Amino acid sequence: MSAVHPDFAGRVAVITGGGRGFGKAFGRALAADGARVVLLDIDADAAQAAAADIGKPAQAFACDVTDEAQVAAVIARITEMHGGIDFLINNAGLHSAIYNRPMIDMGVATLRRLFDVNVLGVIICSLAVQSAMRGRDGAAIVNISSSAAYASATAYGASKLAVQGLTMAMAREFAADGIRVNGIAPGLIFTDTIRAELPEAMVEAVLKMQILSRRGEEDDIVEAMRYLVSARSAFITGETLRVSGGHSLSV
């Protein structure tokens with residue numbers, strides 16, 4: 001556990017998709033740094049379990065990021081409890097093998113759900129927190145994209161490319177309120193989902209495309225998040241940081 005960090009102590013951090021994976025790891029790191037962490041997840045049990053595992057001051061709320069009214073109500077409650085919001089991590093997303101198939105095999109209903117969560121969810125949550133973050137020193141939003149955005153070989157990749165576009169657009173719109181907006185594009189990171197779903201042959205193929213030969217770990221993404229919400233990145237907005245070991249390096 002890290003020591004309380006002056007950039008995070010007492011800050012209010014809302015993390016979507018906080019019940020597992022990156023979201024839980026983000027919450028654990030920020031709570032250890034002294035932030036008041038609020039985990040949102042469509043799976044209420046997972047969110048509560050993650051908050052209990054992290055311990056105080058972590059809290060959890062059930063929240064579907066595609067439900068505008070529900071998001072607004074949850075954000076209003078968090079704002080009332082804490083007096084405002086300092087950080088939003090738009091981490092909720094659909095990313096399993098189901099969403100990396102040819103679009104003709106997925107069908108329109110599945111595609112709509114993919115874009116509702118991965119793209120509209122980012123918009124809905126960001127707009128919901130804007131007034132609660134307005135004028136707060138160091139206010140920052142981080143959107144989780146993917147290195148798949150740079151290939152856009154699947155609808156999933158296209159959805160994450162849209163997240164990068166939104167990061168730039170929101171950085172412009174939110175700048176007047178003193179809110180920075182940046183993104184992270186993880187490469188192949190060994191979360192529980194990846195370990196369970198990705199065949200070893202595919203893992204080896206991706207590793208060969210990286211410049212760095214080691215496997216990416218959750219801590220690599222956690223450290224990128226901590227940087228982008230800290231004062232160290234105070235002059236950075238509208239950018240997406242690729243954390244992929246140099247995978248598919250391009251201009």
Side-chain angles (χ1 to χ4, degrees), residues 16-25 41-43 46 63-68 71 89-126 142-170 183-218 220-221 224 239-251:
T16 70
R20 55 178 60 83
F22 290 155
K24 182 178 178 181
D41 204 294
I42 195 170
D43 185 338
C63 187
D64 179 350
V65 298
T66 70
D67 186 329
E68 188 176 358
V71 170
I89 315 299
N90 279 312
N91 169 70
L94 301 176
H95 57 82
S96 68
I98 296 171
Y99 302 100
N100 279 287
R101 298 179 293 153
M103 288 183 281
I104 195 169
D105 295 337
M106 293 170 66
V108 172
T110 301
L111 286 164
R112 181 174 287 117
R113 178 63 179 164
L114 172 68
F115 280 83
D116 277 350
V117 175
N118 288 10
V119 181
L120 286 175
V122 170
I123 296 171
I124 289 169
C125 292
S126 299
V142 175
N143 299 325
I144 304 303
S145 179
S146 170
S147 61
Y150 294 89
S152 295
T154 64
Y156 168 75
S159 76
K160 290 302 187 177
L161 182 61
V163 170
Q164 293 193 27
L166 287 173
T167 297
M168 292 185 284
M170 290 194 300
I184 301 171
L188 181 61
I189 306 296
F190 278 76
T191 62
D192 291 341
T193 300
I194 291 298
R195 288 187 175 92
E197 291 190 355
L198 206 62
E200 187 61 26
M202 189 172 293
V203 171
E204 292 303 319
V206 172
L207 289 175
K208 288 178 181 177
M209 290 187 284
Q210 294 178 184
I211 294 172
L212 303 179
S213 59
R214 75 167 174 86
R215 298 185 177 199
E217 300 293 343
E218 279 186 351
D220 296 312
I221 309 305
E239 302 290 350
T240 295
L241 176 61
R242 299 172 70 170
V243 185
S244 65
H247 177 264
S248 300
L249 193 63
S250 61
V251 175

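Because the structure is predicted, anything quoted here is derived from the model rather than measured.
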Legend entry - Spacing of CE belonging to Met209 relative to CG belonging to Leu188, to within rounding of 0.5 Å: 9.0 Å
Legend entry - Side-chain heavy-atom pair Cys63, Thr16 within 4.5 angstrom cut-off: no
Legend entry - For the student: nearest non-hydrogen atoms of Met170 and Val122, plus distance: CE-CG1, 3.8 Å
Inset, instruction - Give a yes or no answer on whether the side chain of Lys160 reaches the backbone of Ile144 with a donor-acceptor pair at less than 3.5 Å. - result: yes
Legend entry - OG1-CE distance between Thr240 and Met168, expressed to the nearest 0.5 angstrom: 7.0 Å
Legend entry - Side-chain touch Val65/Val117, heavy atoms, less than 4.5 angstrom: yes
Legend entry - Nearest non-hydrogen partners of Met103 and Leu111, listed with the distance: CG-CD2, 3.8 Å
Legend entry - Closest approach of Pro186 to Ser145 (non-hydrogen atoms, all atoms of both residues): CD-O, 3.3 Å
Legend entry - Spatial distance of atom CG (Asp67) from atom CD1 (Ile124) [nearest 0.5 Å]: 8.0 Å
Inset, instruction - Could you tell me which non-hydrogen atom of Asp220 sits nearest to which non-hydrogen atom of Arg214, and how far apart they are? - result: OD1-NH2, 2.8 Å
Inset, instruction - Check Val243 against Ala224 and note the closest heavy-atom contact, atom names and distance. - result: CG2-CB, 3.9 Å
Legend entry - Between CG on residue Leu114 and CE on residue Met106, distance to nearest 0.5 Å: 5.0 Å
Legend entry - Separation between CD1 of Ile221 and OG of Ser244, rounded to the nearest 0.5 Å: 8.5 Å
Legend entry - More than 12 heavy atoms from other groups under 6.0 Å of CZ on Arg101: yes
Legend entry - Nearest atoms (heavy-atom pairs only) where Gly18 meets Asp41: N-OD2, 3.5 Å
Legend entry - Straight-line distance of Asn91 CG to Cys125 SG, nearest 0.5 Å: 11.0 Å
Inset, instruction - For the residue pair Thr110 and Tyr99, establish whether any side-chain heavy-atom pair is separated by less than 4.5 Å. - result: yes
Legend entry - Sidechain-backbone polar pair: Ser146 side chain, Ala149 backbone, donor-acceptor under 3.5 Å: no
Inset, instruction - Indicate whether the side chain of Asn143 and that of Thr167 have a donor and an acceptor atom separated by less than 3.5 Å. - result: yes
